[in-house]
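See structure below.
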Amino acid sequence: MTAPTTISALPPAPQADYDLDLRSLEPYLAIDEDGDPVLVLRDGDTVVVLEFGLGGHALLAAINATAKLSAAVDRYAGLLHDLREPTAQA
């Protein structure tokens with residue numbers, strides 16, 4: 001399935017359990033209580049921790065999901081870039 005590349009092609013968003021404000025988002029890597037790496041997303045109000053679970057097959061699934069997340073974030077950045085108003089030419 002090809003990912004939508006225009007806003008009009010996107011499906012409606014589901015009702016969110018949590019909202020993160022990208023303007024103040026601070027993503028960083030950390031270590032959880034078991035000594036495993038996690039990805040922390042914090043925006044000043046909400047903290048979300050992305051973890052991979054157990055090793056083995058779950059680790060491969062987490063690697064694949066991380067690649068999908070990275071690709072979706074890149075597409076999202078591209079859509080936001082397209083929304084920017086052009087800067088005035090001097």
Check: Thr46 and Asp19 side chains under 4.5 Å, non-hydrogen atoms: no
With a 4.5 Å heavy-atom cut-off, do Leu83 and Leu80 have their side chains touching? yes
Does any N or O in the side chain of Ser24 come within less than 3.5 Å of the main-chain N or O of Asp43, such that one atom is a donor and the other an acceptor? yes
Any Asp32 side-chain heavy atom under 4.5 Å of Val49 side chain: no
Rounded to the nearest 0.5 Å, the CD atom of Glu51 sits from the CG atom of Asp34 at a distance of 8.5 Å
Min side-chain heavy-atom separation Val73-Leu69 under 4.5 Å: yes
Which one of Leu60, Leu59, Ile63 satisfies the side chain to side chain contact (heavy atoms under 4.5 Å, CB included) criterion with Phe52? Leu59
Is there a side-chain contact between Leu22 and Tyr76 (heavy atoms, below 4.5 Å)? yes
Checking Asp45 against Leu20 for the side chain to side chain contact (heavy atoms under 4.5 Å, CB included) test, could you report, in this order, the C-alpha distance in whole Å, the side-chain angles of both residues, the deciding distance, and whether it holds? CA-CA 8 Å; Asp45 294 323; Leu20 295 170; over 6 Å; no
Student check: side-chain heavy atoms of Leu41 and Pro27 closer than 4.5 Å: yes
Measure the shortest side-chain to side-chain distance between Val40 and Val48 over non-hydrogen atoms and say whether it is less than 4.5 angstrom. no
So Asp36 and Ile31, do their side chains get closer than 4.5 Å, heavy atoms only? no
Going by the rule salt bridge (charged side-chain N to carboxylate O under 4.0 Å, His left out), which residues pair with Asp17 if we only count those two or more places apart in sequence or in a different chain? none
Under a 3.5 Å distance rule, please check whether Thr66 uses its side chain to pair with a backbone N or O of Ala62 as donor and acceptor. yes
